[in-house]
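Below: the structure, in structure tokens.
Numbering of residues begins at 1 and proceeds along the displayed sequence.
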Amino acid sequence: MAHYIALVPDSNVLEVLHHQYEEVLHRYESLLLPEQADFRYAEGKWSIKEMLGHMIDTERIFSYRALAIARGETQKLPGFEQDEYMAVAQFSRQPLEDLLQQYQFLRKGNLLLFRSFSEEDLSRMGTSSGSPLSSRALIFMIAGHEQHHLNILTERYQLG
């Protein structure tokens, strides 16, 4: 968790999320051929398209957690195992355009949701994956997780 948060500049996290939205769209829309989205930099690694699907799944899970905590959920929220999700997700069968549209709607909806949170909502604490955290921390984790994968797209896939 702290690793992802550390990747986010100490600034307005909603502006970071908006900038990332534009960056993700630019990078993925720059793929000219469908085969490019299926590229893997090494055997057993996720394709560029699968990485986008993983980012979507993770944002959905983290944003649900942020909402639940902001609304005062007192039950411990479960973790998730990314490799188990990826084993059954079948993102490679989905058209890249569909994944991009999912990403767009999800991010736009989350930006509206997060803007609606009061300072009290953002400061409210809950438990997720066995650790205490605030809804604000989860929003930073969304941005940090995405930055982590944007860095991988640049460094290992040369998609920048």
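- Taking CD of Glu119 as the start and OG of Ser123 as the end, the distance is 4.0 Å to the nearest 0.5 Å.
- The backbone N or O of Leu113 sits less than 3.5 Å from a side-chain atom of Ser116, completing a donor-acceptor pair.
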task = Could you walk me through whether Glu22 and Arg27 pass the salt bridge (Lys or Arg N to Asp or Glu O under 4.0 Å) test, one step at a time?
result = CA-CA 9 Å; Glu22 293 175 344; Arg27 288 188 190 201; over 6 Å; no
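- Residue pairs that meet the ring pair (Phe, Tyr, Trp, His ring centres under 6.0 Å) test with at least one member in residues 115-135, sequence neighbours left out, are Phe114-Phe117.
- The closest side-chain heavy-atom distance from Leu17 to Ile139 is below 4.5 Å.
- Of the possible donor and acceptor atoms, one in the side chain of Thr154 sits under 3.5 Å from a partner among the backbone N and O of Leu150.
- Taking 4.5 Å as the limit, every side-chain heavy atom of His54 sits out of range of all side-chain heavy atoms of Tyr85.
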request  = Before giving the answer on side-chain contact (heavy atoms from CB on, under 4.5 Å), spell out for Phe80 and Thr58 the whole-Å C-alpha distance, their side-chain angles and the decisive distance to 0.1 Å.
outcome  = CA-CA 9 Å; Phe80 83 104; Thr58 302; 3.6 Å; yes
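- The minimum heavy-atom distance linking Tyr21 with Lys108 is given by the pair OH-CE, 2.9 Å.
- Put simply, the side chain of Tyr28 gets close to the backbone of Ile48: a donor and an acceptor are under 3.5 Å apart.
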Trace of the side-chain contact (heavy atoms from CB on, under 4.5 Å) decision for Gln94 with Gln102 = CA-CA 11 Å; Gln94 297 179 43; Gln102 284 187 55; 3.3 Å; yes
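- Two different hydrophobic clusters hold Leu106 and Val13 under the rule that ILVMFWY side chains link at heavy-atom gaps under 4.5 Å.
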query = Can you list the steps and then say if Arg65 with Ser128 is a side chain to side chain donor-acceptor pair (under 3.5 Å)?
reply = CA-CA 7 Å; Arg65 292 174 180 174; Ser128 179; 3.0 Å; yes
message = Walk me through whether His149 and Trp46 qualify under side-chain contact (heavy atoms from CB on, under 4.5 Å).
response = CA-CA 11 Å; His149 286 289; Trp46 297 339; 4.2 Å; yes
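- Here the closest heavy-atom approach between residue Ala143 and residue Val16 is recorded as CB-CG1, 4.0 Å.
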task = Take Asp121 and Ser118 through the side chain to side chain donor-acceptor pair (under 3.5 Å) test and state the conclusion after the steps.
result = CA-CA 5 Å; Asp121 295 334; Ser118 68; 3.2 Å; yes
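- Proximity of Leu159 to Phe39: side-chain heavy atoms (C-beta onward) are nowhere separated by under 4.5 Å.
- Residues Leu25 and Gln104 form a side-chain contact, since some pair of their non-hydrogen atoms from C-beta on lies under 4.5 Å apart.
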ask   = Should Leu77 and Ile69 be marked as a side-chain contact (heavy atoms from CB on, under 4.5 Å) after you check the CA-CA gap, both sets of side-chain angles, and the distance that decides it?
value = CA-CA 9 Å; Leu77 301 170; Ile69 291 170; 4.0 Å; yes
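- Remark: Lys49 does not engage Glu35 in a salt bridge, criterion side-chain N to carboxylate O under 4.0 Å.
- Interatomic distance, Gln36 CD to Ser47 OG, rounded to the nearest 0.5 Å: 12.5 Å.
- Under a 3.5 Å cut-off, the side chain of Glu73 and the backbone N or O of Ala70 do not form any donor-acceptor pair.
- Counting only heavy atoms from C-beta outward, the side chains of Leu67 and Leu138 never approach each other to under 4.5 Å.
- The distance from the CD1 atom of Ile56 to the CG atom of Asp98 is 10.0 Å, given to the nearest 0.5 Å.
- Residues satisfying the salt bridge (Lys or Arg N to Asp or Glu O under 4.0 Å) test with Glu50, not counting sequence neighbours, are Arg40.
- Atom-to-atom distance recorded for Leu153:CG and Met51:CE is 5.0 Å, nearest 0.5 angstrom.
- The side-chain heavy atoms of Pro34 and Leu96, taken from C-beta on, include no pair separated by under 4.5 Å.
- In this structure, the separation between OH on Tyr41 and CD1 on Ile152 is 6.5 Å, given to the nearest 0.5 Å.
- Ring geometry, Phe62 versus Tyr4: the interplanar angle falls from 30° to 60°, so the pair is classed tilted.
- In this structure, His3 has its ring center no closer than 6.0 Å to that of His145.
- Shown here is Glu81, whose CD atom has more than 12 heavy atoms of other residues, nucleotides or ligands within 6.0 Å.
- In terms of hydrophobic clustering, with Ile, Leu, Val, Met, Phe, Trp and Tyr side chains grouped at heavy-atom distances under 4.5 Å, Phe140 and Tyr64 are assigned to a common cluster.
- The CE atom of Met125 lies 11.0 Å from the CZ atom of Arg136; values are rounded to the nearest 0.5 Å.
- No side-chain heavy atom of His18 sits less than 4.5 Å from a side-chain heavy atom of Leu14.
- Annotation for Ser135 and Ala66: closest pair CB-O, 3.4 Å, computed over non-hydrogen atoms.
- The closest side-chain heavy-atom distance from Leu122 to Ser134 is not below 4.5 Å.
- Using a 4.0 Å cut-off between a side-chain N of Lys or Arg and a carboxylate O of Asp or Glu, Glu146 and Arg107 qualify as a salt bridge.
- A single hydrophobic cluster is seen to contain both Ile61 and Leu111, as judged by linkage of ILVMFWY side chains at heavy-atom distances under 4.5 Å, directly or through other members.
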